[in-house]
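The structure is given below, and queries will be raised subsequently.
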Amino acid sequence: MKFLRNQLDKVKHNFEKGQKWEKYYYAYEALDTFMFAPNTTNDVKGAQIRDAIDLKRLMMTVIIAMLPCLLFGVWNVGHQHFLAIGQASATLGDKLWIGAIQVVPIIIISYGVGLGIEFIFATLRRHPVNEGFLVTGMLIPLVMPPDIPLWQVGVATAFAVIIGKEAFGGTGMNVVNIALTARAFLYFAYPTDISGNVWTYLGDGQVVAGYSGATPLSIAADAATTGTNVLTSLNSFGSVWHEGVYTFSNLFMGLRPGSIGETSTLMCLIGAFVLVASGAGSWKIIVSVFSGAYAMGLLLNLIGGNAFMEMPAYYHLVIGGLAFGAVFMATDPVTASQTERGKWIYGLLIGLFTVLIRVFNPAYPEGIMLAILLMNVFAPLIDYFVVSANKKRRLQRATV
Amino acid sequence: MSTAVAETAEIVVKKSEPLFSKKNKKLITNPLDIDNPITVQVLGVCSALAVTTQMKPAIVMAIALTVVTASSNVLISFLRNTIPSRIRIIVQLAIVSLWVIMVDQLLKAYVYDLWKQLSVYVGLIITNCIVMGRLEAFAMGNKPGPSLLDGLGNGFGYGMILLIVGFFRELLGGGAIFGFKVFDSLGLHYQGNGLMLLPAGACFIVGIVIWVQRSLNGYRETH
């Protein structure tokens with residue numbers, strides 16, 4: 001540690017004003033503050049009151065909230081792998097190891113590419129490097145399938161950071177969620193690698209007889225065309241090779257194939273608890289996304305029509321990525337609605353559109369990504385109407 | 001068409017101001033840079049998204065639009081003092097459609113496959129904002145010579161963006177340029193980027209072109 005400090009101090013003068021590497025001062029500064037706590041303090045005079053919660057702290061809180069999803073995801077990647085190749089009795093260590101081999105490189109690529117671009121833009125634009133990418137860099141791996149090609153992760157991250165964020169002016173200026181931009185990019189650019197039966201890492205292993213990589217959502221969508229009951233299809237799924245893969249409790253726990261971090265509703269709820277308790281995420285958005293999806297599910301149940309529409313509404317809450325999207329994506333404070341009443345509308349519409357897209361659009365098996373991106377765009381409009389409604393109400397009360 | 005162009009050139013030579021004066025040269029160069037019809041005036045975007053999945057239709061479309069804009073500009077400019085201002089739009093439309101139909105028939109006769117690929121977009125040049133915009137903004141108030149240059153300049157500006165967009169879309173979307181498989185010939189495997197084949201991909205590229213262009217020439221919107 002001391003060696004590192006000395007090395008940094010030794011080169012520091014090169015980056016100061018008027019020196020030869022002046023241009024790269026912010027890259028140096030970012031590296032320095034990343035490694036060590038800055039030793040600058042306030043002046044003796046003047047206000048000394050400070051809130052400890054700055055951007056860095058906020059980001060770290062969200063990272064902590066994501067840890068349960070990440071750890072469970074790593075284990076689950078291994079678990080699904082061994083289920084698929086018929087070795088359900090593999091040890092916890094083996095499962096974690098397989099999962100780590102798949103997941104860690106994705107995380108490294110995501111952070112490496114994203115932070116690299118942040119550094120370049122910070123140097124070009126002469127501003128300190130922001131911590132904005134800390135959360136995004138972790139969210140991107142969590143919404144990827146476990147066997148996504150690594151170069152695609154890199155390309156998607158670069159696209160999301162440049163087009164989604166830097167084009168709009170950097171951290172805090174983006175219109176749409178950056179992690180979802182990365183995913184949407186892959187979804188439209190390389191659809192074969194991020195839809196269909198890609199959700200289980202198979203590796204070189206021979207899959208067990210009768211194995212199918214279908215997800216609950218694709219089963220439900222198939223049921224709509226064949227007319228079989230969704231619940232029976234889900235409960236009987238995998239009876240040949242592993243009984244009861246898609247029972248409700250399994251779906252809630254997240255023992256199913258899917259994107260790395262999205263599978264477990266339980267882990268997402270733990271994350272939601274951390275976010276809400278620390279004040280980093282809005283409980284209104286989380287609750288309203290869930291209730292919007294549930295309400296839409298109930299409405300479709302009432303209308304009936306096909307098997308997917310008749311699927312019990314509470315199933316919508318545990319299949320697909322609804323929980324993960326509601327907790328970690330919709331609550332992104334930059335892209336969500338800012339007004340309190342707006343948050344309710346924003347969340348409800350996300351839930352509603354998610355179920356609508358799931359049930360009625362066969363091209364998109366999962367709707368949460370597109371629903372959140374759509375509502376990100378509409379969030380400022382919602383805020384505008386909430387504010388002007390408030391103005392109108394207060395003007396009526398006023399006696400001028 | 002070529003005779004029409006030659007005739008106007010002759011007429012202009014007799015005028016006192018030389019055709020390629022400094023001011024007139026600007027008519028060609030401005031649309032390429034600070035007055036680009038797509039990236040600055042934001043006109044004709046619809047066709048720029050529609051025909052640029054490959055280079056070949058993009059270049060044909062660019063030529064077609066350049067011909068139509070230039071020749072309509074010249075014709076309108078000749079008639080500018082006789083067109084009653086109350087019905088000028090319909091007169092302009094009639095003249096533009098005359099050229100569009102000629103271009104359309106020519107394409108159909110000589111490059112039938114490309115014509116099919118361009119489908120309605122050749123016909124839709126009639127309603128292209130660039131053509132109408134140039135007629136209204138320039139040809140109605142200027143002599144035929146400068147009008148010709150203005151039409152050509154805007155056609156080039158439009159074509160330039162179309163070619164840039166088409167180049168990146170074909171290269172990134174299909175790994176080819178003018179149908180020539182670049183990556184395969186180098187012995188590399190290239191997985192086509194599906195986003196680039198969607199109109200959204202063209203939007204992103206136009207956006208990036210605007211970004212690069214504005215950071216190079218320092219152009220800012222005036223409020």
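Only heavy atoms go into these numbers, but all of them, side chains included; no hydrogens, no water, no symmetry mates. So you know, we letter chains A, B, ... as the sequences are listed, proteins then strands, and number each from 1. Since the structure is predicted, the reported quantities are computational estimates derived from the model, not experimental observations.
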Check your understanding: Contact part of A:A167 toward chain B, heavy-atom cut-off under 4.5 Å: side chain, backbone, both or neither?
Key ->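 For A:A167, heavy atoms of backbone and side chain both lie under 4.5 Å from chain B.
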Review point. B:I208 versus chain A, heavy atoms under 4.5 Å apart: side chain, backbone, both or neither?
Key: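 Interface part for B:I208: side chain.
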Check your understanding: Between B:F204 and A:F159, how do the two ring planes meet: parallel, tilted or perpendicular, split at 30° and 60°?
Key ->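 Perpendicular: the ring planes of B:F204 and A:F159 meet at over 60°.
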Review point. Quick check: are there more than 12 heavy atoms from other residues, nucleotides or ligands sitting under 6.0 Å from CZ of A:F378?
Key: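 Result for CZ/A:F378: open.
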Review point. Taking atom OG of B:S215 and atom CG of A:L124, what is their separation to the nearest 0.5 Å?
Key: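 That separation rounds to 10.0 Å.
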Review point. Contact part of A:I162 toward chain B, heavy-atom cut-off under 4.5 Å: side chain, backbone, both or neither?
Key: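 When you check distances to chain B, atoms from both the backbone and side chain of A:I162 fall under 4.5 Å.
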Review point. So with a 6.0 Å cut-off around CG of B:L186, is the heavy-atom count from everything else above 12?
Key: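 Yes, CG of B:L186 has more than 12 neighbouring heavy atoms, counting only those of other groups under 6.0 Å.
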**Study point:** B:Q191 to A:Y190 - nearest heavy-atom pair and separation
**Key:**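 Nearest heavy atoms, B:Q191 then A:Y190: O-CE2, 3.6 Å.
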Point to revise | A:Y364, OH: over 12 other non-hydrogen atoms inside 6.0 angstrom | key: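 Atom OH in A:Y364 is not packed in, count stays at 12 or less.
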Check your understanding: Hey, is CZ on B:F168 packed in by over 12 heavy atoms from elsewhere, all under 6.0 Å?
Key ->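 Counting neighbours around CZ of B:F168, 12 or fewer heavy atoms of other residues, nucleotides or ligands fall under 6.0 Å, so no.
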